[in-house]
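In what follows, a structure is listed as structure tokens, so that the remarks can point back to it.
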Amino acid sequence: MPSGEAVKAWYNQLYATKGLGSMRPREAYQRILDLLDLRPGDRLLDVSCGAGFLLEAAAARGVKAYGVDLSDEAVHLARGVARNAGLAVSNGEHLPFRDAAFDCLTCLGSLEHFLDMEQGLREMRRVTRAGARCAIMVPNRHFAGWWLLGRKGTAQQDVQERLLSLGEWSRLFTGHGFALLRTLPDLWHAEKVRVPVVRSLVRLAWRLIPLPLQYQFVFVLRRA
Ligand SMILES: C[S@@+](CC[C@H](N)C(=O)[O-])C[C@H]1O[C@@H](n2cnc3c(N)ncnc32)[C@H](O)[C@@H]1O
């Protein structure tokens with residue numbers, strides 16, 4: 001297993017090289033916020049916020065948005081993108097917030113990179129109030145496309161990435177005090193096709209993939 005410093009250095013290098021180009025486009029984050037029943041004035045924490053697109057979108061909905069990321073470069077970018085958000089460089093396994101501080105929480109494409117996922121989940125539970133809505137996006141060990149791609153996982157396998165199955169993720173979340181509300185496929189590979197007609201076709205085909213074989217899962221959870 002790499003050290004925390006090695007993981008941080010890897011992401012700092014990524015953000016320094018690719019900048020905002022490392023992020024999904026802004027509209028992708030709107031779809032995540034739509035799942036959370038947000039109300040103006042809610043306090044939202046985005047754990048591993050990257051360059052801050054979700055925080056920017058949340059603040060525009062009247063939400064008090066806070067973000068943390070292990071990478072100083074990511075937080076530097078996020079300060080430029082999400083000007084009204086509270087931001088800090090922080091390890092997700094040790095969040096710098098009081099207990100029950102948040103009404104909702106997001107963690108997208110990141111938990112699988114934590115050196116200690118269980119400690120990360122304990123911290124997410126600690127800083128959210130009872131009943132808080134959460135959206136956590138994580139990758140699938142059984143994605144049907146891994147064999148086509150000739151590898152299992154993303155480029156982040158080079159540093160730290162764990163893939164679990166739908167059942168394993170579900171048990172991990174419920175075992176840490178989060179009730180499952182919905183589980184949706186991440187349609188990103190379909191959504192990013194540029195030609196509209198082709199995009200619709202790919203989206204349709206992608207939806208036919210059974211959930212246990214999808215690329216990533218978006219878990220909508222309620223903090224029990
Ligand atoms: C694939 S990026 C996703 C960024 C953002 N959530 C998004 O959806 O665009 C993974 C992020 O996890 C962060 N990360 C990795 N390990 C972390 C940890 N232990 N604590 C906090 N952030 C971490 C990285 O710095 C990086 O910004």
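Indexing begins at 1, ligand by ligand and atom by atom, following the structure's order. The basis for the numbers below is simple: all heavy atoms, side chains too, and nothing from hydrogens, waters or symmetry mates.
- By the 4.0 Å heavy-atom criterion, F53 is excluded from the residues contacting ligand 1.
- Shown in contact with S110 at under 4.0 Å from a heavy atom are these atoms of ligand 1, numbered in order with element: 3 (C), 6 (N), 10 (C), 11 (C), 12 (O).
- Taking the six-membered ring for Trp and thresholds of 30 and 60 degrees, F173 and F219 have ring planes more than 60 degrees apart, a perpendicular arrangement.
- Comparing L70, N12, L55 against atom 16 (N) of ligand 1, the shortest heavy-atom distance belongs to L70.
- The closest approach between R24 and ligand 1 stays at or above 4.0 Å for every heavy atom of the residue.
- At a 3.5 angstrom cut-off on N or O pairs, D46 does not count as close to ligand 1.
- Of the protein's heavy atoms, G92 N, 2.7 Å lies nearest to atom 20 (N) of ligand 1.
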Task: Pair Q160-Y11, side chain to side chain contact (heavy atoms under 4.5 Å, CB included): steps then yes or no - done: CA-CA 11 Å; Q160 166 72 8; Y11 281 104; over 6 Å; no

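- Residue S71 has at least one heavy-atom neighbour below 4.0 Å for each of these atoms of ligand 1: 25 (O).
- Side-chain contact check for R24 and Y29: no donor-acceptor pair (N or O, by modelled atom type) lies under 3.5 Å.
- Residue contacts with ligand 1 include S90, since one of its heavy atoms falls under 4.0 Å from the ligand.
- Of the protein's non-hydrogen atoms, F114 CE1, 3.5 Å is the one closest to atom 18 (C) of ligand 1.
- Distance from atom 15 (C) of ligand 1 to its nearest protein heavy atom, with residue and atom name: Y11 CE1, 3.8 Å.
- In terms of polar-atom proximity, defined here as any N/O pair under 3.5 Å, L108 does make such a contact with ligand 1.
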- [ ] Check the pair L172 / V138 against side chain to side chain contact (heavy atoms under 4.5 Å, CB included), numbers first and verdict last.
- [x] CA-CA 12 Å; L172 187 66; V138 281; over 6 Å; no

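- The closest protein non-hydrogen atom to atom 19 (N) of ligand 1 is E93 OE1, 2.9 Å.
- Using a cutoff of 4.0 Å between basic side-chain nitrogens and carboxylate oxygens, E191 and R203 are scored as salt-bridged.
- The side chain of Y15, and not its backbone, has at least one atom closer than 4.0 Å to an atom of ligand 1 (non-hydrogen atoms only; side chain from C-beta on).
- Taking a cut-off of under 4.0 Å to the non-hydrogen atoms of M23, the atoms of ligand 1 that pass are 9 (O).
- No donor-acceptor distance shorter than 3.5 angstrom exists from the side chain of Q119 to the backbone of M117, with no hydrogens or angles considered.
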- [ ] Test side chain to side chain contact (heavy atoms under 4.5 Å, CB included) on R126 and E123 and set out the steps.
- [x] CA-CA 5 Å; R126 182 184 67 76; E123 279 294 86; 2.7 Å; yes

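- Results of the salt bridge (charged side-chain N to carboxylate O under 4.0 Å, His left out) test with D37 over R222, R61, R133 single out R133 as the only residue that passes.
- Remark: minimum distance from atom 25 (O) of ligand 1 to any protein heavy atom is reached at D69 OD1, 2.5 Å.
- Where the criterion is an N or O separation shorter than 3.5 Å, residue side chain and backbone included, A74 fails it with respect to ligand 1.
- Of the polar atoms of S48, at least one N or O is found under 3.5 Å from an N or O of ligand 1, judged by distance alone.
- Considering backbone and side-chain atoms alike, Q156 places every N or O at 3.5 Å or more from each N or O of ligand 1.
- Using cut-offs of 30° and 60° for the angle between ring planes, the H189 and W206 rings count as tilted.
- Closest protein heavy atom to atom 9 (O) of ligand 1: Y29 OH, 2.7 Å.
- Looking at T154 and Q156, their side chains do bring a donor and an acceptor atom within 3.5 Å of each other.
- Using a 4.0 Å cut-off between a side-chain N of Lys or Arg and a carboxylate O of Asp or Glu, D186 and R31 do not qualify as a salt bridge.
- If you chain together hydrophobic residues whose side chains sit under 4.5 Å apart, L221 and L45 fall into the same group.
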